[in-house]
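Quick notes on the structure that follows.
All heavy atoms count here, side chains included; hydrogens, waters and symmetry mates do not.
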There are 2 protein chains.
Amino acid sequence: MSPKVGIAPVRRRQIVDATIRCLARDGYSHLTMNKVARRARVSQGILHYYFADKHAILVAAMQRVMEDLERRVVQEARGIHDPRRRLRALIHACLSVATEAREFWVVFVEFWGEMMHDRALMEINADLYTRERRLIGRIVTRGVRSGLFRRVRPEQAGGIILALVDGLSLQLTFDSKAFSLAEASRFCEEAIFRYLAKK
Amino acid sequence: MSPKVGIAPVRRRQIVDATIRCLARDGYSHLTMNKVARRARVSQGILHYYFADKHAILVAAMQRVMEDLERRVVQEARGIHDPRRRLRALIHACLSVATEAREFWVVFVEFWGEMMHDRALMEINADLYTRERRLIGRIVTRGVRSGLFRRVRPEQAGGIILALVDGLSLQLTFDSKAFSLAEASRFCEEAIFRYLAKK
DNA sequence: CAAACATAATTGGTCAACCAATCAAGAAAA
DNA sequence: TTTTCTTGATTGGTTGACCAATTATGTTTG
């Protein structure tokens with residue numbers, strides 16, 4: 001009645017993974033269905049069996065990239081209770097994505113460019129950032145309650161920290177001579193802790 | 001001996017402008033020579049008369065976007081002598097690009113995605129950012145000498161401030177419900193002045 | 001001054017390559 | 001056998017690039 005049970009999600013993942021690898025390798029403007037099919041080791045036809053069209057594949061790819069990035073960040077800061085150390089871990093996790101998980105970061109940045117002309121992609125991204133701001137906001141709130149940080153709006157602090165991390169990641173990526181990951185980490189921590197310092 | 005002298009730069013500019021408007025309107029992945037030609041009100045053939053290929057047009061377009069952005073920022077902070085006010089003006093200039101000169105900002109972000117796979121574009125961008133870091137660095141140095149700011153590495157401060165501005169511009173662009181330009185300006189100034197504050 | 005000339009600028013059409021999407025037909029699992 | 005999966009060839013359409021022919025604009029010369 002239902003042959004090859006459970007193959008659908010496997011195939012979908014296979015296709016999305018191949019898409020991400022293609023994007024990382026050749027960029028958005030050189031992405032073709034043929035390349036994706038070859039990299040996923042399936043026929044062209046099957047792409048349209050599992051996805052309505054190219055755009056649907058891109059939406060799924062962006063979803064996976066965002067998901068992966070979020071998991072990476074959440075996981076890195078988990079298990080640490082001291083807000084200062086937790087923030088430090090989170091900053092390091094975010095920044096090291098740009099250098100160590102370059103593939104993912106490249107695709108992430110590429111999506112920013114496309115988002116501007118694609119409501120569906122824009123919303124996926126906006127949701128991620130709202131969650132991230134809140135996540136960071138909660139860490140900061142804890143620090144305020146513990147008397148470590150000055151009183152500050154959690155969402156605002158989240159926005160600032162996220163902005164700083166994104167901006168430094170960008171410079172780290174496309175201008176590698178400017179400063180190293182270690183330096184960027186130090187700068188970032190210093191700026192953030194001064195921002196959060198009590199007087 | 002040389003008919004229509006001086007028309008070449010005019011045409012080139014015409015073509016590059018049309019390219020930028022196309023990018024702002026439809027995005028990188030939908031950019032075609034035909035669209036550019038139509039928007040520039042010239043024939044398709046002439047594009048290849050003035051530029052070797054599509055890539056050459058894109059390089060010229062990126063150069064113009066970067067140039068324009070830099071001019072805008074430099075101009076805004078000129079004539080102000082107090083380092084604090086100057087920094088404030090610069091921050092506002094950068095952030096308002098994302099909202100008021102949305103077209104330019106959109107194209108700017110689109111180029112980030114393509115840069116990753118294009119050495120020529122990457123270098124144009126790296127040069128701009130080096131100059132911007134130094135520009136900001138000089139303002140900060142002045143503030144240090146005047147005793148307004150704590151002692152800090154100029155290039156590092158430039159990197160931090162630029163990162164914060166870029167990151168906030170991004171959130172401002174693709175998540176307009178998060179905060180307004182005015183709020184972003186305040187957050188940014190607060191964070192930076194706390195970062196530069198003595199003790 | 002004007003006719004002949006030289007070269008730059010511009011056009012519109014052509015073309016091979018490539019693209020996303022479709023489909024008929026068959027393979028594989030239940 | 002029936003249903004789901006999978007293939008690979010095909011389709012109609014688009015793309016960037018190229019080019020021969022034409023036009024516009026100066027220069028030179030008689």
Side-chain angles (χ1 to χ4, degrees), chain A residues 1-23 25-62 107 110-111 113-114 117-118 120-121, chain B residues 1-23 25-62 107 110-111 113-114 117-118 120-121:
Chain A
M1 275 286 213
S2 58
K4 277 210 180 177
V5 282
I7 199 71
V10 173
R11 285 278 171 280
R12 264 184 240 273
R13 191 190 173 87
Q14 200 177 350
I15 292 166
V16 168
D17 280 0
T19 305
I20 292 169
R21 266 181 289 134
C22 282
L23 285 174
R25 173 170 285 254
D26 302 331
Y28 210 104
S29 58
H30 298 114
L31 184 78
T32 70
M33 298 295 267
N34 208 332
K35 280 185 188 176
V36 172
R38 260 184 288 142
R39 196 161 285 269
R41 279 195 269 262
V42 294
S43 70
Q44 301 178 44
I46 208 137
L47 300 185
H48 289 93
Y49 180 76
Y50 286 108
F51 293 93
D53 53 17
K54 193 182 179 183
H55 182 253
I57 297 185
L58 284 167
V59 170
M62 173 143 175
V107 178
E110 279 170 6
F111 275 121
E114 284 296 308
H117 311 279
D118 193 321
L121 297 184
Chain B
M1 273 288 214
S2 57
K4 268 206 181 177
V5 282
I7 199 71
V10 173
R11 284 279 171 281
R12 263 184 242 275
R13 190 191 173 85
Q14 200 175 351
I15 292 167
V16 168
D17 280 359
T19 305
I20 292 169
R21 266 181 289 134
C22 282
L23 285 173
R25 173 170 285 255
D26 302 332
Y28 210 104
S29 58
H30 298 114
L31 184 78
T32 71
M33 298 294 268
N34 209 333
K35 279 187 190 176
V36 172
R38 260 184 288 140
R39 196 162 285 267
R41 278 194 268 262
V42 293
S43 70
Q44 297 183 48
I46 210 141
L47 300 185
H48 287 94
Y49 179 76
Y50 285 109
F51 294 93
D53 53 16
K54 194 181 179 183
H55 181 253
I57 297 184
L58 285 167
V59 170
M62 173 142 174
V107 178
E110 279 170 8
F111 274 121
E114 283 297 308
H117 310 281
D118 193 320
L121 297 184

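Within the nucleic acid shown, Phe51(B) has no heavy atom closer than 4.0 Å to any nucleic acid atom. Leu31(B) comes within contact range of the sugar-phosphate backbone alone, with a heavy-atom separation under 4.0 Å but no base atom that close.
Nearest to the side chain of His48(B), among dT6(D), dA21(C), dG16(D), sits dG16(D). Candidate nucleotides dT6(D), dA21(C), dT10(C) were compared by shortest atom distance to the side chain of Ser43(A), and dT6(D) ranks first. Proximity note for Gln44(B) (side chain, C-beta onward) versus dA17(D), dT22(C), dA9(C): the nearest is dA17(D). Residue Val42(A) has its side chain nearest to dT7(D) when only dA17(D), dT7(D), dA20(C) are considered. Side chain of Lys54(B), nearest nucleotide from dT6(D), dA17(D), dT11(C): dA17(D).
At dT6(D), one or more side-chain N or O atoms of Tyr50(A) fall inside 4.0 Å of OP1 or OP2 (strictly under the cut-off). Between Arg11(B) and dA8(C) there is no side-chain polar atom (N or O) within less than 4.0 angstrom of OP1 or OP2. One finds a side-chain N or O of Tyr49(A) lying less than 4.0 angstrom from the OP1 or OP2 phosphate oxygen of dC5(D).
Summarising the geometry, the separation between CG on Leu47(A) and P on dC5(D) is reported as 15 Å, rounded to the nearest angstrom. Rounded to whole Å, atom C1' of dA17(D) lies 9 Å from atom CG of Asp53(B). Between the NE2 atom of His30(B) and the C1' atom of dT15(D) there is a distance of 14 Å, given to the nearest Å. Counting to the nearest Å, the P atom of dT7(D) and the CD1 atom of Ile7(A) are 11 Å from each other.
More than 12 non-hydrogen atoms from other residues, nucleotides or ligands lie less than 6.0 angstrom from NE2 of His55(B). Within 6.0 Å of CZ in Arg39(A) there are more than 12 heavy atoms belonging to other residues, nucleotides or ligands.
Within the 4.5 Å cutoff, no side-chain heavy atoms of Lys54(B) are placed close to those of Val36(B). A 4.5 Å side-chain heavy-atom check between His117(B) and Asp26(A) finds every atom pair outside the cut-off.
Nearest heavy atoms, Arg12(B) versus Tyr50(B): NH1-O, 2.8 Å.
Closest-nucleotide positions on DNA chain C for Ile46(A) and Thr32(A) were compared, and the one nearer the 5' end corresponds to Thr32(A).
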